[in-house]
Amino acid sequence: MTEAPIKVLIADDQPLVRRGLSLILSPDPSFEVVGEAENGAQAVDLARRLRPDVVVMDIRMPVLDGVAATGELAAAVPTCRVLALSTFDMDEYVVGALRAGAYGFLPKDSSPEDLSAAIRTVHAGEAAVAPRLLTRLISTYVTAPRDTRPAPAGLGELTPREVEVWRLMATGLDNTEIARALELSLSTVKNYITSIFDKLAVRDRAQAVIAAYESGLVTARAAAGEQPK
């Protein structure tokens, strides 16, 4: 049997961008563009009615921005996965969207092939952000809070080995590199990461990395490979 196409909703305040994204995806039978929204509020409303699999969401939009819209969608339509779009690689709004529940992030100057691949990745429930770009992005905008924000749930339940895997994940290593650094099999690393997600009550790699910086487990200096003075 042929798999059903991935239903995609496009949300961007620029008509030319919406039309361009639609023209990229529509010829591919594995995608079905079910609607277009010009702001975050409209995106949430359409997603409630159309039940897309993936929303390609511009981060900076009027009425309701992409960060707030992502948070509403995560609560109202949890089966719908958000792929955040930004004009810039380094955009603090992207971190907000990842924290709010976006499954991935893509710069707007990405190729059509990258767009298609990212949509397929988030549809599969995986984080569509290159590990090192994710770390660079989060280390720029997320630091351990100076206020009394509580530590991530389940932090004390992590084993020393899980903490080390989490630390390496947060410094930008992918699963294969973590396995090599700790002399573990790839399947063992994946099992550790699944356990880390469960104990921290985070959904994916992006949220785990954010939690690592917020908890103070790693810092931008450590991620860059610098030794504390």
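For clarity, every value in this text was computed on a predicted model and none was experimentally measured.
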- [ ] Determine, step by step, whether Ser30 and Glu3 satisfy the side-chain hydrogen bond (donor to acceptor under 3.5 Å, both in side chains) criterion, reporting the C-alpha distance in whole Å, the side-chain angles of both residues, the deciding distance to 0.1 Å, and the verdict.
- [x] CA-CA 8 Å; Ser30 61; Glu3 290 187 5; over 6 Å; no

- [ ] Show the numbers, then the answer: is there a side-chain hydrogen bond (donor to acceptor under 3.5 Å, both in side chains) between Ser86 and Arg60?
- [x] CA-CA 8 Å; Ser86 174; Arg60 299 175 183 265; 5.5 Å; no

TODO: Run the numbers on Lys199 and Glu157 for salt bridge (charged side-chain N to carboxylate O under 4.0 Å, His left out), then give the verdict.
DONE: CA-CA 7 Å; Lys199 290 180 179 179; Glu157 298 176 18; 5.8 Å; no

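Salt-bridge check for Lys108 with Asp58: passed, with a basic side-chain N closer than 4.0 Å to an acidic carboxylate O. In summary, Lys7 and Glu32 do not engage in a salt bridge, as defined by a charged side-chain N under 4.0 Å from a carboxylate O.
The salt bridge (Lys or Arg N to Asp or Glu O under 4.0 Å) search around Arg49 returns Asp45, not counting sequence neighbours. Every side-chain contact (heavy atoms from CB on, under 4.5 Å) that Ser185 has, sequence neighbours left out, goes to Ser187, Thr188. For Ala181, the side-chain contact (heavy atoms from CB on, under 4.5 Å) partners at least two apart in sequence or on another chain are Leu168, Leu173. By the salt bridge (Lys or Arg N to Asp or Glu O under 4.0 Å) test, Glu38 pairs with no residue at all, sequence neighbours left out. Evaluation of the salt bridge (Lys or Arg N to Asp or Glu O under 4.0 Å) rule for Glu164 yields Arg167 as partners, not counting sequence neighbours. Annotation: side-chain contact (heavy atoms from CB on, under 4.5 Å) contacts of Asn39 (sequence neighbours excluded): Ala41, Gln42, Pro62, Val63.
Criterion: ILVMFWY side-chain heavy atoms under 4.5 Å apart, direct or through other members. Under it, Leu9 and Val56 are not part of a common hydrophobic cluster. Val44 and Leu85 are assigned to two separate hydrophobic clusters, defined by single-linkage of ILVMFWY side chains at heavy-atom distances under 4.5 Å.
The cationic group of Arg203 lies under 6.0 Å from the six-membered ring centre of Tyr103 and within 45° of the ring axis, placing it in a cation-pi geometry.
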